[in-house]
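To start, the structure itself, in structure tokens.
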Amino acid sequence: MSDATPDIQFQAPLGTGQHAVQPGETTDSLAETYGHFWKTIWTHPDNAVLVSARNDRNVLLQGDQVFIPDKRPKSESRPTDLIHRFVRKGVPARIKLRALAPDGTPLTNCDYILRVGTRRYEGKSDADGIIDQSVAPSAQTGQFTVYPAQEDMPKELHWSLTIGSLQPVDTVLGIQARLQNLGYDPGALDGQLGPATRKAIGYFRLRNNLPDGTAADQQFVDALEKQHGS
């Protein structure tokens, strides 16, 4: 294979805020931790550089520096002789998953069960194999089971989920995790473009009609992000 096209320039941590992103943290989970609506953090001017580089508020790079503004008091006038319910904005958060068969085709209109913590959710995947479910912003792990409708598929497919751990697609860890989620074997998720990861990139390029090679170039990254769904 020839690699005349160079790899993309991989992202490093960005931002100047006081909170350094830790593994598993997202803007939604930070909003839950600090008592904010997620837009209060994500749209703050001091996070503008970070927002411009990260397409998804919940796909942050470990080490990104997020500015967390101080909380502002808010008053609401209500009659004192009644019971009132107040709901904080931004709770719950949402998780989006795409169920794929081993050959990469979407598992469409399939029953699923999603377990997150003590909660159990049921439904059907859409025409693209996607499920979109409300969950607690602090959720970090889960179990996802799909029941394929296709006769040539197993009766059940299971995935263990690590929620909020996905790194941006323009990082090596982000590439490795997406390749693994799509059924390719990048080897250890170590942030290194070693032989196993290069081999997985080559297979992905071959199966998706990209130019021959093992480079993590922009064309590859765009195709990987599109197929993965994030």
Side-chain angles (χ1 to χ4, degrees), residues 8 10-69 71 87-100 106 112 114-117 119 121 123 125-126 128-144 159-182 189 191 221-230:
I8 63 167
F10 295 108
Q11 284 281 353
L14 297 171
T16 58
Q18 73 275 40
H19 182 97
V21 172
Q22 301 301 307
E25 287 187 329
T26 67
T27 301
D28 285 357
S29 70
L30 292 178
E32 173 81 355
T33 298
Y34 287 97
H36 283 301
F37 181 36
W38 67 263
K39 283 186 178 180
T40 304
I41 296 174
W42 191 242
T43 63
H44 195 282
D46 285 357
N47 288 321
V49 172
L50 186 62
V51 170
S52 67
R54 308 285 181 247
N55 295 327
D56 188 329
R57 72 179 189 273
N58 288 322
V59 182
L60 302 177
L61 178 59
Q62 181 178 344
D64 279 345
Q65 298 290 140
V66 181
F67 179 79
I68 309 294
K71 287 189 287 187
V87 179
R88 182 161 60 86
K89 287 183 176 180
V91 178
R94 305 196 69 82
I95 181 173
K96 182 179 286 187
L97 303 170
R98 191 181 191 204
L100 299 175
Y112 71 82
L114 174 64
R115 293 181 175 87
V116 178
R119 300 294 303 273
Y121 310 92
S125 60
D126 70 10
D128 291 319
I130 291 174
I131 73 127
D132 190 351
Q133 179 65 55
S134 299
V135 298
S138 57
Q140 292 190 329
T141 60
Q143 296 291 324
F144 183 44
W159 290 271
S160 295
L161 306 177
T162 305
I163 301 169
S165 66
L166 190 65
Q167 300 286 289
V169 71
D170 49 8
T171 65
V172 177
L173 275 174
I175 288 172
Q176 289 176 324
R178 286 167 177 81
L179 286 169
Q180 185 180 73
N181 290 345
L182 291 171
L189 304 187
V221 169
D222 291 343
L224 180 64
E225 184 174 31
K226 181 178 180 180
Q227 186 169 134
H228 189 270
S230 63

Do you know the tightest heavy-atom contact between [X] and [Y]?
X	Y	value
Trp42	Asn47	O-CB, 4.5 Å
Ala20	Gln65	CB-OE1, 3.3 Å
Gly191	Gln176	N-OE1, 3.0 Å
Arg98	Pro106	NH2-CG, 3.4 Å
Phe144	Leu161	CB-CD1, 3.9 Å
Asp46	Thr16	O-OG1, 4.2 Å

Say you draw a straight line from [atom1] of [X] to [atom2] of [Y]; how long is it, rounded to the nearest 0.5 Å?
X	Y	atom1	atom2	value
Ile68	Tyr34	CD1	OH	5.5 Å
Ser165	Gln62	OG	CD	10.5 Å
Asp132	Asp126	CG	CG	9.0 Å

Between [X] (side chain) and [Y] (backbone), is there a donor-acceptor pair under 3.5 Å?
X	Y	answer
Arg178	Gln167	yes
Ser29	Glu25	no
Asp64	Leu61	yes

- Start with the C-alpha distance between Arg54 and Leu14, add both sets of side-chain angles, then the distance that settles side chain to side chain contact (heavy atoms under 4.5 Å, CB included), and finish with yes or no. CA-CA 10 Å; Arg54 308 285 181 247; Leu14 297 171; 4.0 Å; yes
- Task: Under the ring pair (Phe, Tyr, Trp, His ring centres under 6.0 Å) rule, collect the residues that match up with His228, sequence neighbours excluded.
- Result: none
- Message: Less than 3.5 Å apart, any donor N or O on the side chain of Thr162 or Gln140 sitting next to an acceptor on the other?
- Response: no
Any heavy-atom pair between the side chains of [Y] and [X] that's under 4.5 Å?
X	Y	value
Ile175	Phe10	yes
Leu30	His36	no
Leu97	Leu114	yes
Trp38	Thr40	no
Val66	Thr27	no
Asn181	Trp159	no

- Note on the structure: Asp56 meets the side chain to side chain contact (heavy atoms under 4.5 Å, CB included) criterion, sequence neighbours left out, with Asn58, Val59
- On the 0 to 90° scale, with breaks at 30° and 60°, tag the His44-Phe67 ring pair as parallel, tilted or perpendicular. tilted
- Message: Could you go through Thr33 and His19, starting from their C-alpha distance and side-chain angles, then the distance that decides it, and tell me whether this counts as side chain to side chain contact (heavy atoms under 4.5 Å, CB included)?
- Response: CA-CA 12 Å; Thr33 298; His19 182 97; over 6 Å; no
